[in-house]
Amino acid sequence: MLVTTKGLLVKAQKEHYAVPAFNIHNLETFRVVVETASALNSPVIIAGTPGTIEYSGEDYLIAIAKEAAAKHNNIPIAMHLDHFEDVERLKHCIDVGFTSAMIDASRMSFDDNIKVTREVVEYAHLSGTVVEAELGMLGGREENVVVDEKDAMYTNPDAAKEFVERTGIDSLAVAIGTAHGLYKGEPKLDFERLKEIREKVDVPLVLHGASDVPENLVKRAIELGICKVNIATDLKIPFSDAVKEYFKEHPDANDPRNYMTPGKEAMKEIVIKKIKMCGSEGRA
Ligand code: 13P
């Protein structure tokens with residue numbers, strides 16, 4: 001079933017688990033995520049950044065999603081646009097059939113972030129598409145969005161309340177100490193801040209940059225109100241490492257069906273781990 005993230009996240013919020021959002025890049029990674037989620041009876045969010053949409057094609061991805069939803073009708077699947085900054089591009093992808101959209105205007109001023117986000121909300125809600133936005137700023141790199149650690153900015157709980165009220169968003173991405181990509185040391189998550197945001201804001205909260213964060217910290221964040229957990233880097237690395245390893249052992253390999261397979265298998269293990277970490281197994 002192809003659904004929006006709204007019902008998925010509201011249920012997760014009520015029942016205190018999180019729905020994993022996995023960034024995919026192509027048919028292979030798409031299938032690993034959906035087939036694994038289906039085997040574990042877990043709701044799942046398929047996420048694509050602007051670069052992925054450009055690479056795979058929005059219409060191809062939606063066609064794959066429809067097929068996946070029909071084949072795996074034991075689980076709800078949401079198609080999510082991740083970290084879009086270009087409003088027109090975002091609107092186009094909504095028209096094509098994505099069910100959930102993140103507008104990332106977090107690099108703008110508070111008022112401009114509200115203005116741009118509000119515009120997307122008004123457009124998306126016409127077709128029942130739901131909207132995630134970010135307040136505060138995560139460090140690290142997610143494609144073209146590069147934020148130096150010193151410029152990263154935590155989400156202010158009072159501002160978060162005002163932001164949600166004025167934009168009408170369906171879920172809020174918070175900056176509480178995670179970053180995109182790998183960490184230099186152990187990340188420090190500001191749980192007090194998360195608690196305060198949870199008290200002031202009633203929409204589902206989203207944790208970006210959840211790769212390479214110790215499991216106990218992600219679980220604690222879920223206990224405190226996170227209900228969507230974004231994973232990209234932790235899938236890309238094992239996939240690529242397994243393919244590299246395959247080429248090391250088979251330097252003459254040239255059949256994608258052979259060299260992609262170990263990548264898919266390595267990725268599957270991580271998808272299982274993350275679903276279990278989120279507590280979404282059996283929640284479809
Ligand atoms: P990671 O780099 O931690 O996987 O971040 C994923 C993410 O937040 C995508 O929006």
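Start at 1 and go down the list; that is how both ligands and their atoms are numbered. The shown structure was predicted, so the numbers you read here are calculated from the model rather than taken from an experiment.
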Under a 4.5 Å side-chain heavy-atom rule over Ile, Leu, Val, Met, Phe, Trp and Tyr, are Leu90 and Val131 clustered together? yes

Among Gly209, Ala210, Ala232, which residue places a heavy atom closest to atom 8 (O) of ligand 1? Gly209

Between the candidates Asp82, Thr233, Thr49, which shows the shortest non-hydrogen contact distance to atom 10 (O) of ligand 1? Asp82

Quick check on contacts: which atoms of ligand 1 are under 4.0 angstrom from a heavy atom of [X]?
| X | result |
| --- | --- |
| Asn23 | 9 (C) |
| Gly181 | 1 (P), 2 (O), 3 (O) |
| His83 | 10 (O) |
| Ile231 | 4 (O) |
| His208 | 8 (O), 10 (O) |
| His180 | 2 (O), 5 (O), 6 (C), 7 (C), 8 (O), 10 (O) |

Crowded around [X] [atom1]? As in, over 12 foreign heavy atoms under 6.0 Å?
| X | atom1 | result |
| --- | --- | --- |
| Lys161 | NZ | no |
| Phe110 | CZ | yes |
| Phe247 | CZ | yes |

Does the Ser127 side chain pair with the main chain of Ala124, one donor and one acceptor, at a distance under 3.5 Å? yes

Pair Lys268 + Glu35: basic N to acidic O under 4.0 Å: no

